[in-house]
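Here is the naming used below: chain letters follow the sequence lines, and residue numbers restart at 1 for every chain. Everything numeric in this text was worked out from a predicted model, so none of it was measured.
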2 protein chains.
Amino acid sequence: MPRPSLKDQRSGQILDAYLTCVARFGLEGATQERIAAEAGVKRPLLRHYLGNREDMIAALATHVIAAFAEVTEALEAHFAATGTPAELIDALFASGDGHDPRLMLAWQALATAAQNDPDLSRKLTQSYAEFLAVIETVLARAHPGAPPDRIRAAAHGITACIQTIDALEPIAPPATWRTDLKAAALTLATCLGGQT
Amino acid sequence: MPRPSLKDQRSGQILDAYLTCVARFGLEGATQERIAAEAGVKRPLLRHYLGNREDMIAALATHVIAAFAEVTEALEAHFAATGTPAELIDALFASGDGHDPRLMLAWQALATAAQNDPDLSRKLTQSYAEFLAVIETVLARAHPGAPPDRIRAAAHGITACIQTIDALEPIAPPATWRTDLKAAALTLATCLGGQT
DNA sequence: CCGTTTATTGTCACAAATGACAAAAAATAC
DNA sequence: GTATTTTTTGTCATTTGTGACAATAAACGG
């Protein structure tokens, strides 16, 4: 019988290196040389496991969207039925926990490249919408009387704070910025009950 | 005497095309071919007016930071001494007004590339901080009793909403998202008075 | 008209990225 | 040990990006 396949393991390893490079250099800056160096393999292996450049981008998009969905599902599992918005915010802003800034940076890079790719654009929009939906669910449960408009707005604002945290990461922002963005998210989450 | 110099005009024209390409393809994806095509000039002109690749990036960074500062100063001139936070939010989210989504996208692209360029990183951080400061000034004037922490947090949240609007632009988000993000910013601006 | 300065175009060489294929090495079943 | 399949490496041509220089065209003052 054949030699045991390392396809899954190697593919994951290369995809992770790809993710790192995209987060650091952007989508066009993530050359095969850099990816191979980051992954610690020879360049032809990239083609062997993930295909040509187009295939690699598609694989990365699938990976990022899947990882995003995983985060979303984990949040839903933990907070959809129980837990306060404050706990949700705590979990979202817990640094290092299960949260990977590379994911959002790669998401942004893909979004930039999606301007001429309606299908990718649609997938990214959907993944973002699903994330929003979970936040809305938690907020709506904590504030039954709040109007849907306010719930939606708060969910968008909270998500924007999270997104901005990761987007600012490359310029090494002052530590207070992180605190302030978390506080802003918390304000949005708790202010729903304060004023109708 | 010499032929009249078009340096300023041409430089501006090329820089604008550069900005467009960076917003669409990212910093590494903005090749000289694309820039020249976008600007409607031959490629060697880029070198003639802006220098080599490194010079071009520096020129773009200067341009983006200057444009950002211009927006900041305009805001300060209009709202620092008078005007409500609600009017500020209205101005910030007025589409097409004087606001150019390419600017924020290029800012992000530069930020991504600034990971190995401490000087650029510092300049970007500073431009962002100055923008924040103006928002804080307006909020503090409207809510004299609010603690500085809350003011800072609100300013960060509002800025995050603006940043996210532009960052989502490439994927052509639903119209409600824009409305919701503006509503979130408005909530942050007005919620300061509601609860101490 | 002439000279000077600038704009504009053309062209070359060099480096980097990518795509594609061939070949060697390794591991497992039989 | 042999065959088979997979991994891994090596190497080529093609394309693209960049840098640098030369040459032409144009505008203005004298």
Quiz item: Are the side chain of B/Thr164 and the backbone of B/Ala160 linked by a donor-acceptor contact shorter than 3.5 Å?
Solution: yes

Exercise. Mind running side chain to side chain contact (heavy atoms under 4.5 Å, CB included) on B/Arg122 and B/Thr125 for me, showing each step along the way?
Key: CA-CA 5 Å; B/Arg122 188 184 52 75; B/Thr125 304; 5.7 Å; no

Quiz prompt | Nucleotide D/dT15, atom P - distance to CZ of A/Arg53 in whole Å | solution = 17 Å

Self-check item: Spacing of A/Asn52 atom CG relative to D/dT14 atom C1', expressed in whole Å
Solution: 15 Å

Exercise. Grab the CZ-C1' distance between A/Arg47 and D/dT11 for me, whole Å please.
Key: 14 Å

Donor-acceptor pairs under 3.5 Å, side chain of residues 166-183 of chain B to any protein atom, not counting sequence neighbours: which ones?
{"from": "B/Asp166", "atom 1": "OD2", "to": "B/His99", "atom 2": "NE2", "distance (Å)": "3.3"}
{"from": "B/Thr179", "atom 1": "OG1", "to": "B/Ala175", "atom 2": "O", "distance (Å)": "3.4"}
{"from": "B/Asp180", "atom 1": "OD1", "to": "A/Arg152", "atom 2": "NH2", "distance (Å)": "3.1"}
{"from": "B/Asp180", "atom 1": "OD2", "to": "A/Arg152", "atom 2": "NE", "distance (Å)": "2.9"}
{"from": "B/Lys182", "atom 1": "NZ", "to": "B/Asp90", "atom 2": "OD1", "distance (Å)": "2.7"}

Exercise. For A/Gln13, enumerate each residue passing the side-chain hydrogen bond (donor to acceptor under 3.5 Å, both in side chains) test, keeping only those at least two apart in sequence or located in another chain.
Key: A/Arg10

Quiz item: Base, backbone or nothing for each nucleotide of nucleotides 9-16 of chain C, written B, S, -, heavy atoms under 4.0 angstrom, 5' to 3'?
Solution: BB------

Practice problem: Tell me whether B/Met56 is reachable from A/Phe25 by hopping between hydrophobic residues (I, L, V, M, F, W, Y) whose side-chain heavy atoms are closer than 4.5 Å. | Solution: no

Quiz item: For A/Leu46 and C/dG19, what is the distance between atoms CG and C1' respectively, to the nearest whole Å?
Solution: 13 Å

Quiz item: Among residues 22-30 of chain B, which contact DNA chain D at a heavy-atom distance under 4.0 Å?
Solution: none

Quiz item: Just how far, in rounded Å, is P of C/dA7 from CD of B/Gln13?
Solution: 13 Å

Quiz item: Judged by atom type as modelled, is there a donor-acceptor pair below 3.5 Å linking the side chain of A/Arg34 to the main-chain atoms of A/Gly29?
Solution: yes

Quiz prompt | N or O in side chain of A/Tyr49 less than 4.0 angstrom from D/dT8 OP1/OP2 | solution = yes

Quiz item: Has B/Gln32 got a side-chain N or O lying under 4.0 Å from the OP1 or OP2 atom of D/dG19?
Solution: yes

Please output the side-chain donor-acceptor pairs of residues 58-80 of chain A that fall under 3.5 Å, not counting sequence neighbours, one pair per line with the distance.
{"from": "A/Thr62", "atom 1": "OG1", "to": "A/Ala58", "atom 2": "O", "distance (Å)": "3.0"}
{"from": "A/Thr72", "atom 1": "OG1", "to": "A/Phe68", "atom 2": "O", "distance (Å)": "3.0"}

Quiz prompt | Spacing of B/Gln9 atom CD relative to C/dA7 atom P, expressed in whole Å | solution = 10 Å

Check: residues 40-48 of chain A side-chain donor-acceptor pairs under 3.5 Å, at least two apart:
{"from": "A/Arg43", "atom 1": "NH1", "to": "A/Gln32", "atom 2": "OE1", "distance (Å)": "3.2"}

Self-check item: Donor-acceptor pair, side chain of B/Glu87 and main chain of B/Thr84, under 3.5 angstrom
Solution: yes

